[in-house]
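Every chain is numbered from 1 and lettered A, B, ... according to where its sequence line falls, protein lines coming before strand lines. In what follows, every heavy atom counts, from backbone to side chain, and hydrogens, waters and symmetry copies are set aside.
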There are 2 protein chains.
Amino acid sequence: MLITQKCHYAMRAVFELALQYNQKSGPIKIADIAKAQSIPPRFLEVILSQLKQGGFVGSQRGSEGGYYLVRPPEKLMVGEVIRFIQGPVIPPETKKKETASKEERVFQELWRRVEDAISGVYDSVTFGSLVERWEKTRDVPVLHYSI
Amino acid sequence: MLITQKCHYAMRAVFELALQYNQKSGPIKIADIAKAQSIPPRFLEVILSQLKQGGFVGSQRGSEGGYYLVRPPEKLMVGEVIRFIQGPVIPPETKKKETASKEERVFQELWRRVEDAISGVYDSVTFGSLVERWEKTRDVPVLHYSI
DNA sequence: ATATATCCTCACTATTCCAGTCGACATGAT
DNA sequence: ATCATGTCGACTGGAATAGTGAGGATATAT
């Protein structure tokens, strides 16, 4: 699978922090993020602490503590988060010319192109743009009314 | 991981059959494909029989039997094989608008773009073009001589 | 100061998926 | 008839994924 569940959660968590970024209402609690984005809270703990390691978020301990985004959402590409949580799309050994057999080498150009194509998308979308889109469509009713 | 080992094997197997396609030397034995492409023979058995189910290859039983490509390599896109072996890049439930929560819906456009980007590459490369490339570079010495 | 709310750490489990194997059987060429 | 092949279904070991548990550390409120 291209995107793991964990990565989906990570992106939704960052997205949630991005939504609140301009509200200046202090750090957001794990519990709140978990609720807003329907993420198992204990699992979210693991994820956020990993995102902190990666320098994407910061935290405040104690009462009224929580997490916050380090960079403004417009300067945070989704690709950065995805790559950090998931690792590279194409594993390095698939790309290494030296260790590849002749047969494998035929495919390397293909994998390179695939990776570039994916990166092109990943790096053209920021959490800022996602928030913008969200703001625009937040009140648009779902088309699929119950019958 | 985007491409499983099994899928790599499948592509190399098909590629091997593509190489021999114009030689008209009858079906190729599992053992030969396995040897040429360094694939565990028993595993290759599983893979080829799956590819047969998918209509990509045909087989001949008995002595002097083996496998052969059903379509000419130029008319076989790598995407067809990859999608058949691996299933869709983005799982359908990630894309379904009806079942997605509001939060998930923000990301759907992103996943759609990623999928399209990948498909664009997958569907622009045929096994015929891979064989061509192979024929061109088959005798180019490896740059990395042993020291 | 104390209580409490929060993050922090790290180990642990359950489940699923992947890669690969095994044994017995079916079929076709010679 | 024999032997070389493909066919079939079950099976296993290991890795990765998703998620949980228990207790510790620290900041804020009172």
With sequence neighbours excluded, residues passing ring-ring contact (aromatic ring centres under 6.0 Å, His included) with A/Y67
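Not a single residue meets the ring-ring contact (aromatic ring centres under 6.0 Å, His included) criterion with A/Y67.
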Within this structure, what is the [atom1]-to-[atom2] distance between [X] and [N], rounded to whole angstrom?
{"X": "B/K29", "N": "D/dC3", "atom1": "NZ", "atom2": "P", "answer": "16 Å"}
{"X": "B/L48", "N": "D/dC8", "atom1": "CG", "atom2": "P", "answer": "13 Å"}
{"X": "A/I47", "N": "C/dC8", "atom1": "CD1", "atom2": "C1'", "answer": "15 Å"}
{"X": "B/Q50", "N": "C/dG20", "atom1": "CD", "atom2": "C1'", "answer": "14 Å"}
{"X": "B/Y68", "N": "D/dT5", "atom1": "OH", "atom2": "C1'", "answer": "14 Å"}
{"X": "B/Y67", "N": "D/dA4", "atom1": "OH", "atom2": "C1'", "answer": "14 Å"}
{"X": "B/L51", "N": "D/dC8", "atom1": "CG", "atom2": "P", "answer": "14 Å"}
{"X": "B/M1", "N": "C/dC17", "atom1": "CE", "atom2": "C1'", "answer": "11 Å"}

Around atom CZ of A/R71, are there more than 12 heavy atoms from other residues, nucleotides or ligands closer than 6.0 Å?
yes
Partners of B/T4 by side-chain hydrogen bond (donor to acceptor under 3.5 Å, both in side chains), sequence neighbours excluded?
B/Q86
In terms of side-chain heavy atoms, does B/T137 have a donor or acceptor partner in A/R105 at a distance below 3.5 Å?
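Distance-only check fails for B/T137 and A/R105.
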Compute whether any side-chain donor of one residue and acceptor of the other, for A/E103 and B/Q37, lie under 3.5 angstrom apart.
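No, B/Q37 and A/E103 have no side-chain donor paired with an acceptor closer than 3.5 Å.
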Partners passing side chain to side chain contact (heavy atoms under 4.5 Å, CB included) against B/Q53 (at least two apart in sequence or in another chain):
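Here no residue qualifies.
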With A/Y122 via side chain to side chain contact (heavy atoms under 4.5 Å, CB included) - residues at least two apart
A/L2, A/I3, A/I82, A/R83, A/V89, A/I118, B/V114
Assign A/I30 to base, sugar-phosphate, or nothing according to its heavy-atom contacts below 4.0 angstrom with the strands shown.
sugar-phosphate
Pick base, sugar-phosphate or nothing for A/T4, based on heavy-atom distances below 4.0 Å to the nucleic acid.
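Here A/T4 touches the backbone only, sparing every base.
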Would a 4.5 Å heavy-atom cut-off, applied to side chains only, mark B/W134 and B/F15 as touching?
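Yes, close enough: below the 4.5 Å cut-off.
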Considering just the side-chain nitrogens and oxygens of A/S59, establish if one lies under 4.0 Å of OP1 or OP2 belonging to C/dT6.
no
Taking the axis from the first five pairs and the axis from the last five, what angle separates them in the helix from C/dA1-D/dT30 to C/dT30-D/dA1, rounded to 10 degrees?
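End-to-end axis angle: 10°.
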Treating primed atoms plus P, OP1 and OP2 as sugar-phosphate and everything else as base, which nucleotides of nucleotides 19-30 of chain D get B, S or - for protein heavy atoms under 4.0 Å?
BBBB--BBBS--
Once you round to the nearest 0.5 Å, how far does CD of A/Q20 lie from CD1 of A/I28?
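One gets 4.0 Å once the value is rounded to the nearest 0.5 Å.
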